[in-house]
Amino acid sequence: MKLYNSLTRKKEDFKENVPGKVSMYTCGPTVYHFAHIGNLRSYIMEDILEKYLRYSGYDVKRVMNITDVGHLSSDADTGEDKMVKGAKRENKTVMDIARFYTEAFFKDCEKLNIKVPDVVEPATNCIKEFIDMVQGLIEKDYAYLAGGNVYFDTSKLDEYYVFNKHDIDELMVGVREGVEEDTNKRNKNDFVLWFTKSKFEEQALKWDSPWGVGYPGWHIECSAISLKHLGEYLDIHCGGIDNAFPHHTNEIAQSEAFVGHKWCNFWFHVLHLNTNSGKMSKSKGEFLTVSLLEEKGYNPLAYRFFCLQSHYRKQLVFSYENLDGAATAYEKLLKKIATLKVNEADELDKAAIEKLQGSFKDALDNDINTSLAVTAVYDVLKANTNDKTKLWLLNDFDKVLSLDLVEGAKKLDEQKNEPQGEKDELSAYVEEQIALRAAAKKEKNFAEADRIRNELLEKGIKLLDTREGTTWSKE
Ligand code: AMP
Ligand code: ZN
């Protein structure tokens with residue numbers, strides 16, 4: 001398999017450290033708000049990579065952290081902790097916020113058929129590991145104490161900018177517009193490993209440490225959690241492209257300084273999903289979430305399909321027109337699949353399987369080309385072979401694509417075939433409930449409106465509030 005490696009800026013033959021086994025680390029979400037669909041684009045593409053490695057026979061162990069402390073508003077160690085910001089916004093404790101948004105994140109993942117990694121580790125579980133690693137870095141003379149904080153000393157490295165030759169002036173940490181310079185740093189790019197002092201004294205979660213009561217920096221989390229679960233040699237590290245600098249750059253600096261050799265071989269970076277007006281951001285207030293798409297009547301898997309239609313190393317522009325196009329194509333595809341009928345007497349067509357599976361694998365072997373893998377799905381439908389073989393192939397490809405190709409088609413078919421009488425009865429009941437809910441809303445009785453929505457949900461009926469009024473669908 002060829003995989004683009006951000007470290008070498010080349011497509012390379014993928015090679016694992018231990019034959020047959022792949023260790024994979026993913027930067028998890030900062031759980032101070034819902035994930036936006038941009039974040040989820042990264043997780044969808046990483047999910048495809050993981051599933052394709054498994055499909056190809058590798059034994060994969062994938063680890064993800066949950067950032068519930070230490071990620072400051074600016075990636076350059078300044079500003080308020082994002083978790084504290086979230087807690088203030090909602091008048092809750094940091095741990096309540098973390099719990100709520102971690103759960104929300106995995107609910108979104110489930111809707112998008114993103115597999116939960118083998119190990120999910122909240123940063124607040126690993127304070128001892130962070131302290132040990134910081135201690136090790138101090139002992140090896142890669143870190144120093146200044147003004148109460150522990151910093152990594154980037155001048156000790158032969159090379160710091162590993163991903164590209166940055167314009168150093170542009171990226172000088174601490175001197176960006178509106179950001180106060182941290183005068184404790186010996187070098188502009190030094191970064192905090194452990195904070196005991198920050199401008200924001202309201203940091204909610206603090207732990208005792210050899211350097212005083214404080215909390216870890218964001219970058220140390222991923223290095224220490226990866227070392228804890230995956231050892232000193234990592235095969236693949238994933239994340240969105242914004243994390244390449246400074247987050248991943250700092251992870252490499254401190255991990256390699258700590259273990260004393262090369263740490264991770266492959267860096268898999270997903271480019272951003274943007275809107276026409278620019279970057280998508282959680283801190284911008286109103287942003288696009290999976291629930292919002294659902295409220296507007298989209299099947300979350302139509303969004304997954306939308307992501308798979310383009311390459312992970314290209315920026316993707318989100319617009320409702322683009323999503324509509326993908327949603328229509330996805331539904332058409334499922335309808336086409338629903339017409340396939342198995343004749344048990346048919347034999348699986350081995351030659352067709354070999355040929356079509358071949359093009360599917362070729363697509364993904366070439367740096368995870370998902371749009372060509374989707375084309376391979378259409379090629380199955382067009383192929384001159386029996387339906388049994390086609391369904392076998394669709395199920396096989398779906399181990400990686402996770403678009404519910406056959407299941408989704410079956411559901412569509414069942415909805416179409418429900419007896420008319422039952423359908424009418426259900427419609428009448430749901431329409432009545434929708435009218436009652438609308439009346440409750442009008443009277444500002446939102447508790448009653450929510451109660452009706454939830455009661456229907458328990459019966460498998462989902463309401464969708466659209467500009468044209470409320471519509472519904474049955475799970
Ligand atoms: P965060 O929750 O901010 O720590 O980000 C979670 C993941 O989403 C990280 O891997 C980010 O690099 C990635 N990410 C952030 N914004 C986008 C975007 N607009 N498109 C794709 N991935 C993103
Ligand atoms: Zn990370």
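For ligands, and for the atoms within them, numbers begin at 1 and follow the listed sequence. The structure presented is a predicted model; accordingly, all values stated were derived computationally and were not measured.
- Looking at D242 next to ligand 1, an N or O pair under 3.5 Å apart turns up.
- Under the 6.0 Å cut-off for aromatic ring centres, Y55 and F360 qualify, their centroids lying closer than that.
- You'll find the ring centres of Y298 and Y303 outside the 6.0 Å limit.
- Atoms of ligand 1 lying under 4.0 Å from at least one heavy atom of S42, given by number and element, are 13 (C), 21 (C), 22 (N), 23 (C).
- The G239 neighbourhood of ligand 1 comprises atoms 10 (O), with distances under 4.0 Å to a heavy atom of that residue.
- Residue contacts with ligand 1: L271 is placed with no nitrogen or oxygen under 3.5 Å of a nitrogen or oxygen of the ligand (distance criterion only).
- A salt bridge does not link R453 with D450: every distance from a Lys NZ or Arg NE/NH1/NH2 to an Asp or Glu carboxylate oxygen is 4.0 Å or more.
- Inclusion of C27 in the set of residues having an N or O under 3.5 Å from an N or O of ligand 1 is not warranted.
- Using a 30° and 60° split on the angle between ring planes, H247 and W218 fall in the parallel class, below 30°.
- In this structure, T67 has no heavy atom closer than 4.0 Å to ligand 1.
- Note on D118 versus R62: no salt bridge recorded, every NZ/NE/NH1/NH2 to OD/OE distance being 4.0 Å or above.
- Counting backbone and side-chain atoms alike, C27 contributes an N/O/S atom closer than 2.8 Å to the Zn ion (ligand 2).
- Checked against the 6.0 Å centroid criterion, the rings of Y151 and F191 do not qualify as a close aromatic pair.
- The shortest N or O to N or O distance between P29 and ligand 1 is not below 3.5 Å.
- Between H269 and Y4, a ring centre-to-centre spacing not shorter than 6.0 Å is recorded.
- Taking only nitrogen or oxygen atoms, main chain and side chain alike, N39 reaches within less than 3.5 Å of ligand 1.
- Contact analysis leaves V270 out of contact with ligand 1, as no non-hydrogen atom separation drops below 4.0 angstrom.
- One of the N, O or S atoms belonging to C222 lies under 2.8 Å away from the Zn ion (ligand 2).
- The contact set between ligand 1 and N243, taken as ligand atoms under 4.0 Å from a residue heavy atom, comprises 9 (C), 10 (O), 11 (C), 12 (O).
- Each of the atoms 1 (P), 2 (O), 4 (O) of ligand 1 lies under 4.0 Å from some heavy atom of T30.
- For the pairing with D47, the salt bridge (charged side-chain N to carboxylate O under 4.0 Å, His left out) check across R304, K115, K399, R54 returns one residue only, R304.
- Look at K411 and E407 and you find no salt bridge, because none of the NZ, NE, NH1 or NH2 atoms lies under 4.0 Å from a carboxylate O.
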